[in-house]
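What follows is one structure encoded as structure tokens, with my remarks underneath.
Indexing begins at 1, ligand by ligand and atom by atom, following the structure's order. As the structure is a prediction and not an experimental result, all values here were calculated from the model.
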Amino acid sequence: SHSRKLRVLVLSSDTGGGHKASAAALRAALQHLHPGQVHIDVVDFWVELASGPFRRFPAQYTFLAKRPALWKFTYEFARFPPFRAVTECYFNTLAHKNVRSAFIKYQPDLVISVHPLVNTLSLHVLNRIANETYIPRPPFVTVVTDLGGAHPTWFHRGADMVYVPTPDVARLAHRVGVPDSQVKTVGLPVRQQFWTGERSKSQLREKLGMLPDAPAVLLIGGGDGVGALRSIATTLAHQLPRKLGTPHLQLIVICGKNEQLRDSLASETWQCHMIPLGYVNNMSEWMAASDIMCTKAGPGTIAEALIRGLPMIITAFLPGQEEANVRYVEQQRVGVFAKKPRKIAAVAAQWLSQPHQLFEMSQRAIQCGRPDASIQIANDIVRVAKDKIMENITEMERRRQVTAASVAL
Ligand code: UDP
């Protein structure tokens, strides 16, 4: 056919913070809106593009995520402008060549960044290529995947549009100098199962093999083993039946990749109904079927729980990166932070014994939820891309005419 597919390059990285989940959500939304018309490559910027010493970046992230003090130091270090300049200069020099060949290889018509540490370098390289080839750079947009706050490296004045999840993050973008016309508050992109309403609690509970009318607490473990899932699960299983005066209660424990924990929970006997699971692909159903969620402060999980109207107890967070997510949850009054298993049990018991309060929290969560964020962002990205591409075509035509005129002299 005469019109080829729009080539989209999504720059992500496997460093937690919902980057990969957001990238998948955007891919689904773009394909949903323009079936068969877009070609999307999602690449791990540090592993596949920058390569060399940066190949180990996601592994180092995992290492740091388990060491909060070191993590905080690194995070703050990268925030302080002089250090930031030095670090970026170092990144730019070392990774420049590889990123450049990657852009030339992928030939993107549109670049979407879903990671805070790829914006400066990508725009720098794209602008350099444009200057050298006399072909204007492709449209470049950023989708911020932090909920309450965001590292300054997310924001670049040169981006054609920056999509942010909340008004607080929009204010941060404003503060670091991104013009308001280049910022849109739309919510966090979530996967397709969260775009539409879910079946009723009773239907879902039947489908999922849960007790039909016992209160349900959903525990979600952090992918990399951040958070003390076992001790929270056992404490809740022991203390909740006592505090509520009944064993008529169910605990769903999503252990993720930790199959050992799932197996060991499954082999024990408990004072309440225990449902231990590995990694689940139907998170939307489990959330909609539950009454309370306990989780670490991952932005994706929080955004999804809001859509499903699920009040939450945040049990852990990465200092720096996820701190603002906790503040957001507490400010919106859709949940609280509690770290000690005994405290978590106390909060859960209090909520379950006051159904009215729990219902109001759930209603507030639904108010904050943005099920249409993925589609809205994808829609707007295509609009921004079209405008920029038309602008580029006009500019190239102008240059062609200038060249033609000077040759004719
Ligand atoms: N998740 C899932 N199944 C599981 C465990 C987690 O689908 O068994 C999803 C969860 O719903 C969320 C994502 O994994 O969409 C985790 O993203 P988040 O931003 O919460 O945390 P991070 O990316 O920082 O680990």
(Q) Quick one about D380 and Y163 (side-chain donor to acceptor, distance below 3.5 Å, no hydrogens or angles considered), yes or no? (A)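 Checked: Y163/D380 side chains pair up, N/O donor to acceptor below 3.5 Å.
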Q) Can you tell which of E322, M287, Q193, E304 gets a heavy atom nearest to atom 10 (C) of ligand 1? A)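 Looking at heavy atoms only, the winner is E304.
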Q) Quick one: which of F317, F194, Y279 has a heavy atom closest to atom 14 (O) of ligand 1? A)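 Result: the heavy atom closest to atom 14 (O) of ligand 1 is in Y279.
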Q: Pick one of side chain, backbone, both or neither for how I254 approaches ligand 1, counting any non-hydrogen atom pair under 4.0 Å.
A: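 Side chain only.
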Q: Determine whether any heavy atom of K20 lies closer than 4.0 Å to an atom of ligand 1.
A: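 The answer is no: ligand 1 sits nowhere under 4.0 Å from a heavy atom of K20.
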Q) Any heavy atom of H19 sitting closer than 4.0 Å to ligand 1? A)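 Under 4.0 Å: no for H19.
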(Q) Main chain of S284, side chain of Q193: is a donor-acceptor contact present, judged purely on distance under 3.5 Å? (A)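 Between the backbone of S284 and the side chain of Q193 there is a qualifying donor-acceptor contact (under 3.5 Å).
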Q.
Need the ligand 1 atom indices (1-based, order shown) with element for anything under 4.0 Å from a heavy-atom of P299.
A.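 Answer, ordered by atom number: 19 (O), 20 (O).
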Q: Give the atoms of ligand 1, by number and element, whose distance to some non-hydrogen atom of T301 is under 4.0 Å.
A: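 It comes down to these atoms of ligand 1: 10 (C), 12 (C), 16 (C), 18 (P), 20 (O).
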Q: Answer yes or no: does atom NE2 of H34 have more than 12 heavy-atom neighbours from other residues, nucleotides or ligands under 6.0 Å?
A: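 It does: H34 NE2 has more than 12 such atoms within range.
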Q: Under the side chain to side chain donor-acceptor pair (under 3.5 Å) rule, what do H115 and S113 come out as? Steps first, then yes or no, please.
A: CA-CA 6 Å; H115 198 281; S113 149; over 6 Å; no
Q | R171/D180 salt bridge by N-O under 4.0 Å criterion | A |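 No, no charged N to carboxylate O under 4.0 Å.
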Q | Ion pair R199/E285, N-O distance below 4.0 Å | A |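 Looking at R199 and E285, the cut-off is met.
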**Q.** Test log, rule side chain to side chain donor-acceptor pair (under 3.5 Å), inputs W195 and D372
**A.** CA-CA 6 Å; W195 297 354; D372 52 352; over 6 Å; no
Q | Polar atom proximity, G256 to ligand 1 (N or O, under 3.5 Å) | A |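 Checking ligand 1 against G256, no N or O pair falls under 3.5 Å apart.
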Q. Does an N or O from V280, backbone or side chain, lie closer than 3.5 Å to an N or O of ligand 1?
A.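 Right, the criterion is met.
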